*Asks:* 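Just dropping this structure here.
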There are 2 protein chains.
Amino acid sequence: MKSKLDKIDFKILEILQNDCRITTKKLAERLNLSSTPVFERIKKLEKEGFIDKYVAILNERKIGLKQTIFIGVKLKGHTRSYLQNFLKQVNSFEEVTECYQVSGNFDFLVKIVIADIDAYETFVQTKLSLISEIGNVHSYIAIKKGKNTTHLDLSFLKDSLE
Amino acid sequence: MKSKLDKIDFKILEILQNDCRITTKKLAERLNLSSTPVFERIKKLEKEGFIDKYVAILNERKIGLKQTIFIGVKLKGHTRSYLQNFLKQVNSFEEVTECYQVSGNFDFLVKIVIADIDAYETFVQTKLSLISEIGNVHSYIAIKKGKNTTHLDLSFLKDSLE
DNA sequence: GGTGAAAACATCTTCAA
DNA sequence: TTGAAGATGTTTTCACC
């Protein structure tokens with residue numbers, strides 16, 4: 001079951017990363033294949049876990065989520081339970097979209113997408129600051145958005161494809 | 001054309017954020033409506049820009065992208081052209097999935113998703129370090145992943161819905 | 001690995017209520 | 001707005017290469 005990807009799988013993933021609502025038929029046309037093998041390949045890619053899910057990407061600004069903020073967090077201690085407790089709590093916050101334990105002068109980097117600065121202050125006061133494991137934090141408030149994509153660069157695969 | 005969202009739109013967005021391949025029919029069943037109004041609402045949400053796109057989310061680890069790295073960047077100068085040149089170049093790198101100009105002790109935060117540390121070093125040497133506007137950088141290498149989602153928290157809308 | 005045809009299912013229009 | 005119905009297109013299976 002641990003199959004390698006070939007060039008066709010690669011192209012399918014590339015296309016689905018940009019538009020997952022394309023029909024199997026159209027996808028097959030773009031690959032010069034019939035629907036059947038494309039359909040089966042997609043099912044295989046889903047089943048084997050290369051594709052996690054299919055989602056709608058919403059327009060943050062349009063919805064009213066105008067602020068993105070990164071928070072660098074340093075914990076008070078670094079025992080296993082400190083790390084686990086912190087992660088469990090921070091992951092439970094709906095406003096948090098990403099959280100990574102990192103090397104460097106922070107223990108964690110946390111990304112928040114939230115309505116505005118007022119909502120952020122409320123979030124810090126009513127949620128974040130209640131996590132007792134936190135030592136100190138540094139906020140990086142996004143003042144301009146550059147790139148923000150879910151598209152992963154698969155070009156590194158090109159050489160290793162069967 | 002600038003219509004507000006109501007509770008049904010809100011629920012549709014919630015569902016599509018988690019699974020955009022659900023059929024209109026099933027979505028309508030979950031909302032206790034017929035297909036027609038649900039279909040029309042989705043088209044409206046797309047047309048008015050609440051929904052940006054529909055994408056497949058790939059499994060980074062499975063694909064072979066094992067490293068996530070955040071880079072805090074300080075530029076040499078802060079004129080308009082410095083900022084624009086930096087953004088233009090960094091946005092063009094396929095390995096970069098996010099980039100924000102931020103307040104705080106960095107000018108920019110950049111997120112990289114890449115195969116491994118070796119590939120990261122190559123990236124820095126052959127791409128990042130060629131951006132002449134960069135003063136200095138600090139890398140935060142993710143050593144453990146917490147949350148990583150495209151799901152936005154819409155609960156803040158609940159009170160303002162028509 | 002692949003094709004092409006056919007059945008099952010979903011979409012999208014139209015229309016009357 | 002709804003719901004039903006029909007034309008069209010898509011998904012999925014199957015027999016075969």
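Chain identifiers are assigned alphabetically (A, B, ...) following the order of the sequence lines, protein sequences preceding nucleic acid strands; residue numbering begins at 1 within each chain. Not measured: the values here are computed from a predicted model.
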*Asks:* Linking Ile, Leu, Val, Met, Phe, Trp and Tyr by side-chain heavy atoms under 4.5 Å, what else ends up with A:V90?
*Replies:* A:I69, A:I71, A:V73, A:L75, A:Y82, A:L83, A:F86, A:L87, A:F93, A:V96, A:F108, A:V110, A:I112, A:I114, A:I117, A:Y120, A:F123, A:V124, A:L128, A:I131, A:I134, A:V137, A:I141
*Asks:* Give the rounded distance in Å between these two atoms: CD of A:E40 and P of D:dC16.
*Replies:* 17 Å
*Asks:* Rounded to the nearest Å, what distance is computed from the CZ atom of residue B:R21 to the P atom of nucleotide D:dT11?
*Replies:* 7 Å
*Asks:* Among A:Y140, A:Y100, A:F106, which residue satisfies the ring-ring contact (aromatic ring centres under 6.0 Å, His included) criterion with B:F70?
*Replies:* A:Y100
*Asks:* Can any side-chain N or O of B:Q89 pair as donor or acceptor with the backbone N or O of B:N85 at less than 3.5 Å?
*Replies:* yes
*Asks:* Please determine, for the side chain of B:F39, which listed nucleotide (C:dC12, D:dT10, C:dT11) has the closest atom?
*Replies:* C:dC12
*Asks:* Residues from residues 10-18 of chain A sitting under 4.0 Å of DNA chain C, heavy atoms only?
*Replies:* none
*Asks:* Quick one: does any side-chain atom of B:D9 pair with a main-chain N or O of B:D6 as donor and acceptor, under 3.5 Å?
*Replies:* yes
*Asks:* Nearest to the side chain of A:T24, heavy atoms from C-beta on, is which of C:dG1, C:dA10, D:dT11?
*Replies:* D:dT11
*Asks:* Does any residue of residues 27-38 of chain A have a heavy atom under 4.0 Å from DNA chain C, and if so, which ones, in number order?
*Replies:* A:L33, A:S34, A:T36, A:P37
*Asks:* Starting from C1' on D:dT10, measure out to NZ on B:K26 and report it in whole angstrom.
*Replies:* 14 Å
*Asks:* Indicate, with a heavy-atom threshold strictly under 4.0 Å, whether A:R41 touches base, sugar-phosphate, or nothing.
*Replies:* sugar-phosphate
*Asks:* How close do A:L152 and B:E60 get, heavy atom to heavy atom, and via which atoms?
*Replies:* CD1-CG, 3.6 Å
*Asks:* Between A:N136 (side chain only) and A:K74 (backbone N and O only), is there a donor and an acceptor less than 3.5 Å apart?
*Replies:* no
*Asks:* Given the ring of B:F50, does A:K62 sit roughly above its face, with NZ or CZ under 6.0 Å from the centre of the six-membered ring and within 45° of the axis?
*Replies:* yes
*Asks:* Centres of the A:Y54 and B:Y54 rings: under 6.0 Å?
*Replies:* no
*Asks:* Could you give the CD1-to-P distance, from B:I42 to C:dC12, as a whole number of Å?
*Replies:* 9 Å
